[in-house]
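Because the structure is predicted, anything quoted here is derived from the model rather than measured.
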Amino acid sequence: MAHAAPASGGTTRGTTRGTPDVFSEQVHRAARYGIPVVLGLVYGYWAAANRRGGGEITGWNILFGFVTALAFIVLCIAVATFAPLLKRELHSLVKSGFAGAAVGFLYSQTGESVLRSAVLGLVVTASVFGVFFYRYYTREDGAGNRLR
């Protein structure tokens with residue numbers, strides 16, 4: 001079989017595996033902060049809806065939703081910024097811990113016991129940890145350098 005000869009000079013335009021980056025830096029910058037804001041607003045609405053349990057919407061309920069959304073946004077940006085700087089085990093643990101705590105908090109707002117909320121949060125944390133650890137483990141070399 002015939003194979004194409006490699007071009008001189010290596011890869012073109014900074015791509016390493018043949019997958020071009022189709023978005024500009026502005027799009028990446030907007031998504032870096034836009035996605036956590038949108039997720040935070042949805043999360044805050046969801047937490048407020050769980051807390052009121054189908055009752056009427058009050059000012060305190062709206063305030064609770066916005067404070068919850070703000071806390072989620074700040075924590076989500078912090079996790080997205082600092083977790084990639086850690087080794088793959090801690091990287092996976094930080095992201096999965098955030099996901100488990102978020103789900104446990106949402107579940108606690110439904111009026112269930114703290115123990116059930118904590119168990120659900122731990123189950124989600126363990127599940128997400130397995131997925132993230134596998135993803136990072138298969139995309140890094142032995143020294144922890146990301147393969148691109």
Side-chain angles (χ1 to χ4, degrees), residues 6 10-148:
T11 59
T12 59
R13 288 192 271 165
T15 60
T16 57
R17 292 181 114 184
T19 56
D21 190 7
V22 295
F23 297 113
S24 68
E25 281 299 315
Q26 288 178 314
V27 173
H28 283 286
R29 197 174 310 113
R32 182 172 186 87
Y33 297 106
I35 290 173
V37 168
V38 170
L39 287 176
L41 291 174
V42 170
Y43 185 83
Y45 173 76
W46 194 352
N50 282 354
R51 187 166 203 164
R52 67 182 163 89
E56 64 182 38
I57 298 173
T58 64
W60 290 114
N61 188 252
I62 292 172
L63 179 65
F64 175 77
F66 278 113
V67 169
T68 303
L70 181 64
F72 184 91
I73 292 166
V74 168
L75 289 173
C76 187
I77 290 172
V79 166
T81 302
F82 296 116
L85 303 176
L86 303 171
K87 293 281 235 188
R88 64 178 155 225
E89 295 86 4
L90 291 175
H91 186 182
S92 303
L93 187 63
V94 167
K95 284 189 172 182
S96 60
F98 176 69
V103 170
F105 178 75
L106 276 181
Y107 190 64
S108 72
Q109 296 307 307
T110 62
E112 289 294 329
S113 72
V114 174
L115 183 60
R116 287 186 80 169
S117 301
V119 168
L120 179 64
L122 287 174
V123 167
V124 169
T125 298
S127 303
V128 173
F129 177 79
V131 171
F132 277 148
F133 182 75
Y134 175 78
R135 181 180 186 275
Y136 299 137
Y137 189 77
T138 58
R139 287 173 172 73
E140 292 180 352
D141 62 7
N145 301 319
R146 292 193 177 40
L147 302 175
R148 299 214 184 247

List in chain and number order the residues that pass side chain to side chain contact (heavy atoms under 4.5 Å, CB included) with [X], two or more places apart in sequence or in another chain; answer none if no residue qualifies.
X: V79; value: A83, V94, K95, F98
X: R32; value: T81
X: Q26; value: S24, R29

Nearest heavy atoms of G100 and V124, plus distance in Å: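 The pair with the smallest heavy-atom distance is CA-CG1, 3.9 Å.
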For Y107 against T110, the heavy-atom pair lying closest together: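 Residues Y107 and T110, closest heavy atoms: O-OG1, 2.6 Å.
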Nearest 0.5 Å please: distance from the [atom1] atom of [X] over to the [atom2] atom of [Y].
X: I73; Y: T68; atom1: CD1; atom2: OG1; result: 10.5 Å
X: R88; Y: T138; atom1: CZ; atom2: OG1; result: 9.5 Å
X: L115; Y: L120; atom1: CG; atom2: CG; result: 11.5 Å

Qualifying residues under ring pair (Phe, Tyr, Trp, His ring centres under 6.0 Å), relative to F133, sequence neighbours excluded: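 If we apply the ring pair (Phe, Tyr, Trp, His ring centres under 6.0 Å) test to F133, skipping adjacent residues, the hits are F129, Y137.
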For F132, all residues meeting ring pair (Phe, Tyr, Trp, His ring centres under 6.0 Å), sequence neighbours excluded: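 For F132, the residues satisfying ring pair (Phe, Tyr, Trp, His ring centres under 6.0 Å) (neighbours in sequence not counted) are Y136.
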For residues 36-53, tabulate all N or O donor-acceptor pairs below 3.5 Å that involve a side-chain atom, not counting sequence neighbours.
{"from": "Y43", "atom 1": "OH", "to": "A102", "atom 2": "O", "distance (Å)": "2.7"}
{"from": "N50", "atom 1": "ND2", "to": "L106", "atom 2": "O", "distance (Å)": "3.2"}
{"from": "R52", "atom 1": "NH1", "to": "G55", "atom 2": "O", "distance (Å)": "3.0"}

